[in-house]
Amino acid sequence: MMPLLSWRAEYSVNEAELDRHHEEMFNILNSVYDDVMNSPALGFILPNIDKLTTIAECHLSAEEQYLEKMHFPDIADHIAKHREFTQTIERIRSGYNDNDLEASKQLIIVLGEWLIHHVLKEDRKYSHLKGSRGTA
Ligand SMILES: [Fe+2]
Ligand SMILES: [Fe+2]
């Protein structure tokens, strides 16, 4: 099956570790989508939510440290968006009610929007910082 949304080199933020995290989030989206389309059996969504929570925790803190190091201008606003995303994922996790299809649907929408509006837009605002400062 075609992946829903694949990470591409042109999405790079010019920082290998952060790119790897982003790619991992694209993979989780595709894996949830794939599960829903191929095996609507119960029991697949919680491990995916947990995986996303783990990678997001690691990624967001690494990214925030990077933004600080690079003196990114709108850092408070950027961090607020991270908190909002984390809380939304937590809400899906805690609102899970034995309905994998419903939770999967929510996760696909939230994560898909996050990748398109945050990772491909907001995060790319810091992609040029490296060359300009030359310290990373
Ligand atoms: Fe990011
Ligand atoms: Fe970000």
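Along the sequence shown, residues are numbered consecutively beginning with 1. All values derive from a computational prediction rather than experimental measurement. Note that ligands are numbered from 1 as they come in the structure, with each ligand's atoms numbered from 1 the same way.
Taking the Fe ion (ligand 2) as the apex, the angle formed with NE2 of H82 and NE2 of H118 is 90°, to the nearest 10 degrees. At the Fe ion (ligand 1), the angle from OD2 in D123 to NE2 in H59 is 170° when rounded to 10°.
Of all the N, O or S atoms in E63, the one closest to the Fe ion (ligand 1) is OE1. Of all N/O/S atoms in H22, NE2 sits nearest the Fe ion (ligand 1).
In this structure, E15 and Y66 have side chains that are in contact, with non-hydrogen atoms separated by less than 4.5 Å.
Annotation: the span from D19 atom CG to E24 atom CD amounts to 13.0 Å, rounded to 0.5 Å.
Checked against the 6.0 Å centroid threshold, H78 and F72 count as a close aromatic pair.
Under 4.0 Å is where a charged nitrogen must lie from a carboxylate oxygen, and between E102 and K105 at least one such pair does.
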